[in-house]
Amino acid sequence: MSHPWVIMEVCGSQTHTLLRYGIDRMLPEEITLVHGPGCPVCVTPVEAIDQAVALAGRPDIIFVSYGDMLRVPGTEKDLLAAKAGGGDVRMVYSPLDAVKLASENPERKVVFFAIGFETTAPANAMAVSLAHQQGLDNLFVLTSHMLVPPAVRLIASSPDNQVQGFLAPGHVCTVTGYREYETIARECRVPIVVTGFEPLDLIQGVLMLVTQLEEGRHEVENQYSRSVRRDGNRQARAIMAEVFEVVDHKWRGIGLIPHSGLRLREPYARFDAARAFGLQDLACEEAGVCISGLVLQGVRKPPECPAFGTDCTPERPLGAPMVSAEGACAAYYAYRRQEGACP
Ligand code: SF4
């Protein structure tokens, strides 16, 4: 190898595979892997958690969420604490469960916590569209949808950027395709390989990326071709575009990223829970001790956080990356704790 290379795997599921199978330690020492912002639970802003907790505490509301959001800390509480305090908080596996719950409980208001990247946005858009068609007036969605390419662009174009190539998230690209990444690769002069999540996917993705780096190329290549097409899934993109519009969005630990979020378009605005319940202007401070923003941008690794494994554990998390199944801190705690990476 002609040079030491720094590579970022963007997606938290990729991080977990790399650590679980020890792939990062099998690679030549010239290759350094750093972890990216692709954990939707980790980057959901504190404001959204506080809005969720406020709504979950209301007696007239059934608050519906995916299970991995229940323990994400807000400013003072998480959704589990709201449930323990008497809130009607229910866990679902699909946004269509929330639509069903709303039609079965017309006397209650049902709020669905719609978070995630381009992977969950189409199903959430479909649920809103269905509720619109059915004329449901007791379903609301608290949205915090983020888009991955603007975050990759932010990292790649930062003056302090150390990352020389990106493993792009295969599941997001299954929906969106990878044309947007082609623009980033060209303008930021970084190679990008759309990569899957199995150990062999990641090993092949790293090989393709290092080959580009060694040859001085900066293109988009598709390792995950068994799932990803250049234009993605047209139907999924169409329903997203019908229901949502692109806006600037705050990312937990990172801050505002231009054009990186989705909000409901005006014809669907009546479903917007933050608007319907007057919570749009809720502002909060993030916990000072958590360095998740640096972890999510590949600047620090979890064991470099002073709270890692001591004040912050999966049982008592201080930040979302220690809670989420895709969080980098949870991955290090699960797979590296035995090896002395944390106390
Ligand atoms: S170890 Fe905990 S406090 Fe430190 S960055 Fe990770 S989530 Fe935040």
Side-chain angles (χ1 to χ4, degrees), residues 6 8-20 24-25 32-50 52-53 65-81 113 115-117 144 146 148 151-152 154-155 158 160-163 169 249-257 284-343:
V6 178
M8 173 178 279
E9 84 280 358
V10 172
C11 171
S13 297
Q14 294 170 331
T15 306
H16 274 253
T17 301
L18 290 165
L19 269 79
R20 180 174 181 192
D24 55 331
R25 291 183 168 174
T32 302
L33 292 173
V34 295
H35 318 307
C39 162
V41 172
C42 305
V43 295
T44 299
V46 184
E47 283 83 353
I49 307 297
D50 283 0
V53 168
S65 172
Y66 298 125
D68 51 3
M69 294 308 294
L70 300 187
R71 295 190 56 241
V72 179
T75 306
E76 291 179 0
K77 298 192 203 179
D78 57 23
L79 278 169
L80 214 54
F113 200 6
I115 72 118
F117 294 130
S144 183
M146 274 96 131
V148 175
V152 173
L154 181 88
I155 293 166
S158 159
D160 303 324
N161 177 40
Q162 305 289 321
V163 179
H249 203 290
K250 189 174 174 188
W251 293 50
R252 188 169 188 156
I254 298 175
L256 195 75
I257 303 182
C284 344
E285 293 291 321
E286 294 185 10
V289 66
C290 179
I291 61 160
S292 67
L294 298 176
V295 171
L296 293 165
Q297 294 176 85
V299 179
R300 293 272 185 277
K301 293 204 172 179
E304 296 174 49
C305 172
F308 179 79
T310 52
D311 292 339
C312 182
T313 63
E315 291 74 35
R316 292 188 323 167
L318 293 179
M322 189 57 96
V323 181
S324 170
E326 295 181 68
C329 301
Y332 273 83
Y333 193 87
Y335 305 122
R336 291 290 151 82
R337 190 162 42 112
Q338 304 85 338
E339 301 168 34
C342 66

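Ligands are counted one by one from 1 in listed order, and the atoms in each one are counted from 1 as well. Note: hydrogens, waters and symmetry copies are ignored here, and every other heavy atom, side chains too, is used.
We find the CH2-CG distance between Trp251 and Leu256 to be 11.5 Å, quoted to the nearest 0.5 Å.
No side-chain donor-acceptor contact under 3.5 Å links His35 to the backbone of Gln14. A distance-only check finds no donor-acceptor pair linking the side chain of Arg252 to the backbone of Gly319 [under 3.5 Å].
For the pair Ile254 and Leu154, the minimum side-chain heavy-atom distance is below 4.5 Å. At least one side-chain heavy atom of Ile155 sits under 4.5 Å from a side-chain heavy atom of Asn161. At a threshold of 4.5 Å between non-hydrogen side-chain atoms, the residues Ser144 and His249 count as touching.
Distances under 2.8 Å from atom 4 (Fe) of ligand 1 pick out the protein N/O/S atoms Cys305 SG.
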